[in-house]
J.: 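This is the structure, below, for whatever I ask next.
In what follows, chains are A, B, ... by sequence order, proteins preceding strands, each numbered from 1. These numbers were taken from a predicted model, which means no experiment stands behind them.
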2 protein chains.
Amino acid sequence: MPQGWEEIRAEVLTRIRTRRWPPGAVIPTEEALALEFDCARATVNRALRELAQTGMLERKRKAGTRVAMLPVRKATLDIPVIRQEVAAHGQVHAFRLLLQTTGVPPIAVAARLQLAAATPLLHLQTLHLADGRAYVLEDRWLNPAAAPQPLPDFSEISANEWLVAHVTFATGDIAFSAEPASTSEAAALSVAEGAALFITERCTWGPDAPITWVRLAHVPGYRLQTRL
Amino acid sequence: MPQGWEEIRAEVLTRIRTRRWPPGAVIPTEEALALEFDCARATVNRALRELAQTGMLERKRKAGTRVAMLPVRKATLDIPVIRQEVAAHGQVHAFRLLLQTTGVPPIAVAARLQLAAATPLLHLQTLHLADGRAYVLEDRWLNPAAAPQPLPDFSEISANEWLVAHVTFATGDIAFSAEPASTSEAAALSVAEGAALFITERCTWGPDAPITWVRLAHVPGYRLQTRL
DNA sequence: TCAGTTATTATGTGCAGACATATTAGCGTC
DNA sequence: GACGCTAATATGTCTGCACATAATAACTGA
């Protein structure tokens with residue numbers, strides 16, 4: 001007899017995976033399960049809620065709880081700060097600020113940030129190193145209007161770390177893709193032009209204004225991994 | 001005054017983002033917050049627990065709850081079945097089975113599945129089409145010992161969809177990377193050799209045996225996106 | 001027959017209280 | 001001061017109950 005909401009969750013998961021409750025089937029009500037497991041309904045609720053959150057179950061009032069047609073649909077992945085990511089591999093992190101200018105960003109960047117096309121932004125290019133070797137090239141456009149003045153010396157502290165500590169964040173999105181290395185990216189990362197790079201593109205907004213757009217070009221061999 | 005655990009969560013999030021509770025700071029106890037918000041401790045607990053799950057807060061017994069040093073660290077992403085993914089774009093999904101043989105997989109595949117090197121597996125290559133155009137190339141090795149017999153006609157039903165409906169799943173992992181198109185991949189996807197492809201690699205295990213290893217090579221332009 | 005209303009029902013949320021558990025802080029001893 | 005024990009404390013979980021809410025089912029009347 002399972003006891004505790006985690007064991008109940010495990011038991012339900014087993015019944016789903018062994019097809020005792022096959023995909024699409026309606027499972028017993030919380031009340032019935034509480035009776036079977038000899039616990040309070042709130043405990044069953046907790047277990048089922050967690051399973052619904054990961055996409056294993058679909059719940060609707062009155063209709064009841066059913067096993068999702070296509071189980072295993074959501075994965076959570078960590079988005080570490082680069083320094084932590086490098087440190088997690090047991091390597092030493094360092095970075096070099098390659099470029100810092102102020103200017104009007106490409107239309108694509110302004111559009112993604114929902115900024116007027118002519119707004120001048122701070123442009124930073126930073127090369128991050130792991131054990132002295134190129135690891136990822138960071139290309140960032142930063143909205144000075146969204147950041148408290150004065151700005152720090154970005155060759156001393158990485159923009160990402162300064163921003164999370166000093167700028168109010170409201171929403172954002174993140175996208176992953178694969179792109180061929182441009183001439184400048186190839187040079188910075190010491191790879192062949194056109195090499196397949198793993199790209200992370202992130203956009204963040206504050207409560208009032210866009211904060212930053214950043215594109216991370218990872219060196220070939222990079223893998224983003226998570227457990228299901 | 002916030003009421004309901006969602007509003008409390010929002011209020012706490014605001015205090016974090018406005019730096020009233022800056023990164024690293026310890027926030028009041030559940031009891032104190034329950035008093036402030038005039039609700040039960042369980043309600044505060046629910047709100048704080050959810051925030052901890054997304055990485056905004058770090059909680060320890062006795063030590064209390066503190067704002068994470070580097071907020072925004074976890075994102076959840078959906079892993080749809082290819083047919084749903086295509087349909088979500090309003091396109092028509094179809095697929096062609098390019099290859100079906102039985103043989104010993106490459107060492108790298110056997111190793112990732114933790115299988116003895118000489119185990120023969122079913123090898124499937126499938127090209128998925130969106131509105132008739134190449135969308136993703138699926139390269140799959142399937143352990144027949146982990147699947148119920150008889151196997152279906154994989155030119156009629158896609159392996160993924162058949163597997164989630166008929167095979168008991170226990171654990172798995174997923175990884176994303178960027179790789180240049182091999183000669184055969186380039187031909188199948190109608191792209192230039194060496195083009196940057198977005199690769200999804202998935203490994204799944206049943207309770208007793210490895211089930212399948214699959215590598216999805218997405219056509220250039222593919223983006224995997226999620227909100228933060 | 002069908003649209004509109006009402007009743008039913010399963011989940012969603014909330015409360016107060018209780019006990020469990022991990023972790024820290026304090027204390028005493030050597 | 002370094003150690004090991006004990007007490008204090010914040011979170012983790014559970015219970016039993018209540019009411020809210022959404023979605024379905026049943027009913028009603030034209």
Side-chain angles (χ1 to χ4, degrees), chain A residues 1-16 20-69 71 73-74 76, chain B residues 1-16 20-69 71 73-74 76:
Chain A
M1 173 97 81
Q3 51 182 342
W5 70 269
E6 290 191 280
E7 285 184 33
I8 292 178
R9 181 186 58 181
E11 172 62 23
V12 171
L13 201 50
T14 300
R15 293 187 187 182
I16 293 171
R20 177 164 163 192
W21 293 338
V26 176
I27 76 173
T29 68
E30 293 185 349
E31 212 161 351
L33 289 174
L35 202 65
E36 180 191 343
F37 296 139
D38 190 33
C39 67
R41 186 170 77 88
T43 308
V44 175
N45 180 281
R46 173 82 189 269
L48 298 186
R49 196 198 321 137
E50 298 260 334
L51 286 170
Q53 211 165 26
T54 64
M56 295 296 300
L57 294 175
E58 287 168 4
R59 320 194 72 198
K60 272 205 307 212
R61 284 168 163 151
K62 165 79 179 177
T65 302
R66 63 178 58 233
V67 180
M69 262 335 171
R73 298 186 326 184
K74 294 185 182 177
T76 71
Chain B
M1 173 98 80
Q3 50 182 344
W5 70 270
E6 289 191 281
E7 286 184 33
I8 291 177
R9 181 185 58 181
E11 171 63 24
V12 171
L13 200 49
T14 300
R15 293 187 186 181
I16 293 171
R20 177 164 161 190
W21 292 339
V26 176
I27 76 174
T29 67
E30 294 185 349
E31 213 161 351
L33 289 174
L35 203 66
E36 180 191 343
F37 296 141
D38 191 32
C39 67
R41 185 169 77 90
T43 307
V44 174
N45 179 281
R46 173 83 187 267
L48 297 187
R49 195 199 320 136
E50 299 259 333
L51 286 169
Q53 211 164 26
T54 64
M56 295 297 299
L57 295 175
E58 287 167 4
R59 320 194 71 198
K60 272 204 307 210
R61 283 169 161 145
K62 164 78 181 179
T65 303
R66 64 178 57 234
V67 180
M69 249 355 159
R73 297 186 325 184
K74 293 187 182 175
T76 72

J.: Applying side-chain contact (heavy atoms from CB on, under 4.5 Å) between A:Val67 and each of A:Val26, A:Leu51, A:Ile27, report the one that passes.
T.: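 Among the candidates, only A:Ile27 passes.
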J.: I want to confirm an ordering. Mapping B:Arg49 and B:Gly64 to their closest nucleotides on DNA chain D, which one lands closer to the 5' end?
T.: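 Going by which nucleotide is closer to the 5' end, it is B:Gly64.
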J.: Classify the side chain of B:Arg61 and the base of D:dT11 as holding, or not holding, a donor-acceptor pair under 3.5 Å.
T.: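 Present.
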J.: Ignoring backbone atoms, test whether A:Thr29 places a side-chain nitrogen or oxygen under 4.0 Å from the OP1 or OP2 oxygen of C:dT9.
T.: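 For C:dT9, OP1/OP2 do not have a side-chain N/O of A:Thr29 under 4.0 Å.
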J.: Can you find a side chain N or O atom of A:Thr65 that sits less than 4.0 Å from OP1 or OP2 on C:dT11?
T.: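 Checking A:Thr65 against C:dT11: at least one side-chain N or O falls below 4.0 Å of OP1 or OP2.
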J.: Contact class for A:Arg46 (heavy atom, under 4.0 Å): base, sugar-phosphate, or nothing?
T.: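 Sugar-phosphate contact only.
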J.: Think B:Asn45 has a side-chain N or O under 4.0 angstrom from the OP1 or OP2 of D:dG12?
T.: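 So the side-chain polar atoms of B:Asn45 do come within 4.0 Å of the phosphate oxygens OP1 or OP2 of D:dG12, strictly under.
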J.: Under 4.0 Å, counting only non-hydrogen atoms across every strand here, what does A:Ala42 touch: a base, just sugar-phosphate, or nothing?
T.: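 Base, at least one base heavy atom under 4.0 Å.
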J.: Side chain of B:Arg41: nearest nucleotide among C:dT13, D:dT11, C:dC15?
T.: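 Of the candidates, D:dT11 comes closest.
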J.: Between A:Lys62 and D:dA25, does any side-chain N or O lie under 4.0 Å from OP1 or OP2?
T.: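 No, outside the criterion.
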J.: Name each donor-acceptor pair under 3.5 Å that joins a side chain in residues 29-44 of chain B to protein atoms two or more places apart or in another chain, with its distance.
T.:
residue: B:Thr29; atom: OG1; partner: B:Ala32; partner atom: N; Å: 3.2
residue: B:Glu30; atom: OE1; partner: B:Arg41; partner atom: NH1; Å: 2.5
residue: B:Glu30; atom: OE2; partner: B:Asn45; partner atom: ND2; Å: 2.8
residue: B:Glu30; atom: OE2; partner: B:Arg59; partner atom: NH1; Å: 3.2
residue: B:Glu30; atom: OE2; partner: B:Arg59; partner atom: NH2; Å: 2.7
residue: B:Glu36; atom: OE1; partner: B:Arg15; partner atom: NH1; Å: 3.4
residue: B:Glu36; atom: OE2; partner: B:Arg15; partner atom: NH1; Å: 3.3
residue: B:Glu36; atom: OE2; partner: B:Arg15; partner atom: NH2; Å: 2.6

J.: What about A:Arg59: does its side chain form a donor-acceptor pair under 3.5 Å with the base of C:dT11?
T.: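 Not at all, since no donor on one side and acceptor on the other fall under 3.5 Å apart.
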J.: Roughly how far, to the nearest 0.5 Å, is NZ of B:Lys60 from CZ of B:Arg66?
T.: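 Between atom CZ of B:Arg66 and atom NZ of B:Lys60 there are 7.5 Å.
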J.: Whole angstroms only, please: what is the CD-P distance between B:Glu31 and C:dA16?
T.: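 Rounded to whole Å, this separation is 12 Å.
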